[in-house]
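Structure, as structure tokens:
Chain letters run A, B, ... following the sequence lines, proteins first and then strands; every chain starts at 1. Only a predicted model underlies this, so the values are computations on that prediction, with no experimental measurement involved.
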Number of protein chains: 2
Amino acid sequence: MSATLFYFDGRGKAEIIRLTMAAAKVPFTQVDIRQKQQFEALKAEGKLVFGQLPLVEYEGNNLVQSCSTARYFAAKGDLLGANEQEKLNVDILFEGTRDFNSAFMSYGFAGFTEVLDNAKKTAIPKYLPVFNSVLLRNGSNGHLVGSKLSLADIGLLEVILTIEELLGEDELKPYPEVQNFLKVMKSNDAIANYLRSDLRRKKNDEKYVAEVKRVLY
Amino acid sequence: MSATLFYFDGRGKAEIIRLTMAAAKVPFTQVDIRQKQQFEALKAEGKLVFGQLPLVEYEGNNLVQSCSTARYFAAKGDLLGANEQEKLNVDILFEGTRDFNSAFMSYGFAGFTEVLDNAKKTAIPKYLPVFNSVLLRNGSNGHLVGSKLSLADIGLLEVILTIEELLGEDELKPYPEVQNFLKVMKSNDAIANYLRSDLRRKKNDEKYVAEVKRVLY
């Protein structure tokens, strides 16, 4: 069954859901929220428990809270780990990728260069060595846990794609395991197809930031 | 088997873990981190994947990332929902309680009255009506999902206890379902025992804020 994602025409909090649905092979379409009245209509219909986007309509459920939605589809795609130990490690490492990712969420909203400068000073030197080590300890197979794709990988992929696009691939050079991870991820057909498709939205720009603010305020 | 929690001598990011372990009836002891060298020793031993507290040692695992740790113990205590639909709702509502709770996490670190004034202006009028409605729609039984205690309840309890203590119970008066929820939670023996015990730490004060800063910086 197909899912419908309601979000702004950008990555933001929806990107982890899109990547997870793609990896789990759940087909989805998107409704871009461009006008305040579309957002207000969703709220009035009672579809947004906390009055926030993203929303995914799927099999009669109104899925909100992006991490919950990602976990829900990851479960459908068997991406949460093969046993209790793996499940624990996937959950911990996924949460770590969310902290790492948060350094980039305000890109454009709290300036463009300012957000990147700050990430280079704090989040990148904190998290890239950690994930490089975890990948090494897991056997340099391009996965954070076990020997196949998991939600932890998808969470890390989101951040690494951001770094590659906004700061350049040279930023990853000191972290060979992370470079290998990115190569392995891009060789996953489901992920590669998604990244090439027009389901993948563009990085934040001035126009996007203005559109989001117009809808929200 | 007993768990050992390593954290500062306060609630902070560890409180959701303590409440969950109590509700799941997992016995635990606490090691208070008061000196920088204790913190550095845990890092040097490789127990803190992301270099952050809280840490729980349990059955040979080094559990980090507080939400993952809470989910782990909630699973042990059968507090994640009785079926797929309940599991989804528990996960979504728990995430919502984390957003709500974040309004109070900087209490003392970003001022005392400032944090409370801000919470009264934004988080409280946003989230209390939502949780009041969810409780009503679930049948006014004092639980957010189904007919028994879940991690979503525990997450909400943490915030409501904070509001009761820091702002007074009158703050809850416009929300009768939330008042009833608090009464039901306090009548849970495992939770009541925990709240009466010295495992429950005090609200943040100047001394605590200084101690945390001394360990971290």
Side-chain angles (χ1 to χ4, degrees), chain A residues 13 43 46-52 54-56 58-76 80-81 84-100 102 122-123 125-134 137-138 144-145 151-152 155, chain B residues 13 43 46-52 54-56 58-76 80-81 84-100 102 122-123 125-134 137-138 144-145 151-152 155:
Chain A
K13 296 245 177 204
K43 286 200 266 190
K47 291 185 173 177
L48 309 178
V49 186
F50 297 108
Q52 296 171 165
L55 162 72
V56 177
Y58 184 72
E59 295 186 344
N61 284 308
N62 295 313
L63 306 170
V64 295
Q65 297 292 114
S66 59
C67 288
S68 298
T69 308
R71 278 191 290 271
Y72 180 81
F73 288 113
K76 302 252 168 234
L80 291 177
E84 201 194 6
Q85 190 68 45
E86 283 195 12
K87 280 182 206 298
L88 173 63
N89 291 334
V90 167
D91 199 26
I92 289 172
L93 293 169
F94 177 63
E95 287 283 334
T97 73
R98 298 304 83 199
D99 290 345
F100 190 7
S102 68
T122 55
K126 173 173 179 177
Y127 286 101
L128 280 185
V130 171
F131 285 110
N132 198 73
S133 301
V134 173
R137 281 203 309 273
N138 193 47
L144 286 166
V145 180
L151 182 60
Chain B
K13 297 244 176 202
K43 286 201 264 191
K47 292 185 174 177
L48 309 178
V49 185
F50 297 107
Q52 297 170 163
L55 162 72
V56 177
Y58 184 71
E59 294 186 346
N61 284 308
N62 295 314
L63 306 170
V64 295
Q65 297 293 116
S66 58
C67 288
S68 299
T69 307
R71 277 191 290 271
Y72 180 82
F73 287 113
K76 301 251 168 236
L80 292 177
E84 202 195 3
Q85 191 67 47
E86 283 195 12
K87 280 182 207 298
L88 173 62
N89 291 335
V90 167
D91 199 25
I92 289 173
L93 293 169
F94 177 63
E95 286 285 332
T97 72
R98 298 305 82 201
D99 290 346
F100 190 9
S102 69
T122 55
K126 173 175 179 175
Y127 285 102
L128 280 185
V130 171
F131 286 111
N132 198 74
S133 299
V134 174
R137 281 202 309 274
N138 192 48
L144 286 167
V145 179
L151 182 59

- Message: Can you tell me which portion of A/Val130 sits under 4.5 Å from chain B's heavy atoms? Options are side chain, backbone, both or neither.
- Response: side chain
- Given that the side chain runs from C-beta out, which part of A/Phe131 has a heavy atom under 4.5 Å from chain B: side chain, backbone, both or neither? side chain
Looking at [atom1] of [X] and [atom2] of [Y], how far apart are the two atoms once the value is rounded to the nearest 0.5 Å?
X: A/Cys67; Y: B/Ile92; atom1: SG; atom2: CD1; result: 12.0 Å
X: A/Asp91; Y: B/Leu63; atom1: CG; atom2: CG; result: 10.5 Å
X: A/Leu88; Y: B/Thr69; atom1: CG; atom2: OG1; result: 7.5 Å
X: A/Lys126; Y: B/Phe50; atom1: NZ; atom2: CZ; result: 9.0 Å

Considering only heavy atoms, which portion of [X] lies under 4.5 Å from any heavy atom of chain A: side chain, backbone, both, or neither?
X: B/Asn89; value: neither
X: B/Val64; value: both
X: B/Phe100; value: neither
X: B/Tyr127; value: side chain

- Side chains of A/Gln65 and B/Asp99: is there a donor and an acceptor less than 3.5 Å apart?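 The answer is yes; a qualifying pair exists.
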- Taking only residues two or more places apart in sequence or in another chain, which ones pass salt bridge (charged side-chain N to carboxylate O under 4.0 Å, His left out) with A/Glu95?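 Expected list: A/Arg71, B/Arg71.
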- Task: Verify the neighbour count for atom NZ of A/Lys76: are there more than 12 heavy atoms of other residues, nucleotides or ligands below 6.0 Å?
- Result: yes
- Message: Does A/Glu59 have more than 12 heavy atoms from other residues, nucleotides or ligands lying within 6.0 Å of its CD?
- Response: yes
